Novice: 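Can you keep this structure in mind? I'll have questions shortly.
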Amino acid sequence: GSKAGGGGGGGGVGGASNNSNNGVASPSGYPMEITPAQIVIPPLEYRYVTLHFAPRAIQSFAASITATVENGIDPVSKGFSFEARGEGTLPSLTVVEPVTMDPSTGRPILRFNRLLLGRSHTQNIVLKNNGILSADASVDLDHSPSFRVDLSTVGSTFSVPSKRTVTLPVTFNASHVGPASHEVRLKVQSNPFEDFAFQLTGEVYQEDVTFENIPEPIAPLPLRPISPIPGGVGGGGGGKPGTPQGGGGGRGGGGGA
């Protein structure tokens, strides 16, 4: 605001001289403008003027603003100058994780290790807002039996304040044998230059037989030799042949006078 003092009368506010940050005069449509361009300030009162800044490019801007009093003769109060600076920016997000990029497309890749059929594993997509503006983003993921993004804490559209991070857990479900791939798209609103596409990849395998929780092996029992059967092989008693104890094994058979 400009304030008149003493017995000063009304005055006019002069125009603004605008130059870009590299010292080259800008074309028409420079993003800095003062309104109103002229004002009348009654004695012992003050008035405000507004400096509008509407950048149309992501770069720095600077302007020299000069206010002059019409018919002013006092070198101290007949005018003043100051410099105004501004920077054009857009809301943006930086990918912290994953760090792997597809060399052919430049897209970030979230690569999962091989999983056994029926199991699952979770990794994270981490985004950070390094800018000065809050960034609003939205996630677009088509239905997939293998991949799921957990948006329960942030929602499909979320806001990331300046200098803050957000984590999006991605779960790979090993639902069928073979390679699996999918794509997650993330768009930063009000920034047509940031439209991320994350590539998700994984592979599922199956084993013919799987043993789990097997107890420790038990030591085998020692083998013992088998004892011979008493009396040998065959019947007839254990006496010598031809004796009364021979059981009929002697001469003459089993009788005789």
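No experiment lies behind these values; they were computed from the predicted model shown.
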Novice: Under a single-linkage definition using a 4.5 Å side-chain heavy-atom cutoff for Ile, Leu, Val, Met, Phe, Trp and Tyr, are Leu186 and Val99 assigned to the same hydrophobic cluster?
Specialist: no
Novice: Is the shortest heavy-atom distance from the side chain of Thr153 to the side chain of Phe158 under 4.5 Å?
Specialist: no
Novice: Which heavy atom of Ala63 sits nearest to which heavy atom of Tyr30, and what is that distance?
Specialist: CB-CE2, 4.1 Å
Novice: Rounded to the nearest 0.5 Å, how far apart are CD of Glu87 and CZ of Phe61?
Specialist: 9.5 Å
Novice: If hydrophobic clusters are built by linking Ile, Leu, Val, Met, Phe, Trp and Tyr wherever their side-chain heavy atoms come under 4.5 Å apart, do Leu133 and Val188 end up in the same one?
Specialist: no
Novice: Linking I/L/V/M/F/W/Y whenever their side-chain heavy atoms sit closer than 4.5 Å, directly or via other members, would Leu90 and Ile132 fall into one cluster?
Specialist: no
Novice: Tell me every residue that passes side-chain hydrogen bond (donor to acceptor under 3.5 Å, both in side chains) with Thr122, counting only those two or more places apart in sequence or in another chain.
Specialist: Thr171
Novice: If you look only at distance, which donor and acceptor atoms sit under 3.5 Å apart when one is on a side chain in residues 190-206 and the other is two or more places apart or in another chain?
Specialist:
residue, atom, partner, partner atom, Å
Asn191, OD1, Phe193, N, 3.0
Asn191, ND2, Pro91, O, 2.7
Glu194, OE1, Leu93, N, 2.9

Novice: State which residue, out of Leu141, Val139, Asn124, Val126, fulfils the side-chain contact (heavy atoms from CB on, under 4.5 Å) condition with Leu168.
Specialist: Val139
Novice: Sequence neighbours excluded, which residues qualify as salt bridge (charged side-chain N to carboxylate O under 4.0 Å, His left out) partners of Asp140?
Specialist: none
Novice: Could you give the distance from CD (Glu97) to CG (Leu127), rounded to the nearest 0.5 Å?
Specialist: 10.0 Å
Novice: At their closest point, which heavy atom of Leu117 faces which heavy atom of Ala174, and how far apart are they?
Specialist: CD1-O, 3.5 Å
Novice: Is there a side-chain contact (heavy atoms from CB on, under 4.5 Å) between Val184 and Val170? Walk through the geometry before answering.
Specialist: CA-CA 10 Å; Val184 176; Val170 181; 5.6 Å; no
Novice: With heavy-atom distances below 4.5 Å as the criterion, would you say the side chains of Thr165 and Val160 are in contact?
Specialist: no
Novice: To the nearest 0.5 Å, how far apart are OG1 in Thr89 and CD1 in Ile58?
Specialist: 6.5 Å
Novice: Going by the rule side-chain hydrogen bond (donor to acceptor under 3.5 Å, both in side chains), which residues pair with Asn130 if we only count those two or more places apart in sequence or in a different chain?
Specialist: Thr94
Novice: Can you tell me how far apart OG (Ser175) and CZ (Phe147) are? Round to the nearest 0.5 Å.
Specialist: 9.0 Å
Novice: I need the minimum non-hydrogen distance between Pro31 and Arg56, along with the two atoms involved.
Specialist: CA-NH1, 4.1 Å
Novice: Which atom pair, heavy atoms only, marks the closest approach of Phe112 to His121?
Specialist: CE2-O, 3.5 Å
Novice: For the CG atom of Leu51 and the CD1 atom of Ile65, what is their distance to the nearest 0.5 Å?
Specialist: 5.5 Å
Novice: Side chains of Ser162 and Asn129: any donor to acceptor distance under 3.5 Å?
Specialist: no
Novice: Rounded to the nearest 0.5 Å, how far apart are CZ of Phe172 and CG of Asn113?
Specialist: 10.0 Å
Novice: Looking only at the side chains, is there a donor atom on one of Ser146 and His182 sitting less than 3.5 Å from an acceptor on the other?
Specialist: no
Novice: Show which side-chain atoms of residues 103-111 pair as donor or acceptor with protein atoms under 3.5 Å away, not counting sequence neighbours.
Specialist:
residue, atom, partner, partner atom, Å
Ser104, OG, Asp102, OD1, 2.8
Thr105, OG1, Asp102, OD2, 3.3
Thr105, OG1, Arg107, N, 3.4
Arg107, NH1, Glu183, OE2, 2.3

Novice: Take a 6.0 Å sphere around NZ of Lys187 and say whether it holds more than 12 heavy atoms from other residues, nucleotides or ligands.
Specialist: yes
Novice: Does Asn71, at its CG atom, have more than 12 non-hydrogen atoms belonging to other residues, nucleotides or ligands within less than 6.0 Å?
Specialist: no
Novice: Looking at every heavy atom in both Thr66 and Ser81, which two are closest together, and how far apart are they?
Specialist: OG1-OG, 3.1 Å
Novice: Is it the case that one hydrophobic cluster holds both Ile41 and Phe80, taking links as side-chain heavy atoms less than 4.5 Å apart, direct or via other members?
Specialist: yes
Novice: Not counting sequence neighbours, list each pair that qualifies as a salt bridge (charged side-chain N to carboxylate O under 4.0 Å, His left out) and has a residue in residues 147-171.
Specialist: none
Novice: Following the transitive rule for hydrophobic clusters with a side-chain heavy-atom cut-off under 4.5 Å over Ile, Leu, Val, Met, Phe, Trp and Tyr, establish whether Val95 and Val154 coincide in one cluster.
Specialist: yes
Novice: So, Asp74 side chain and Val76 main chain: donor-acceptor pair closer than 3.5 Å or not?
Specialist: yes
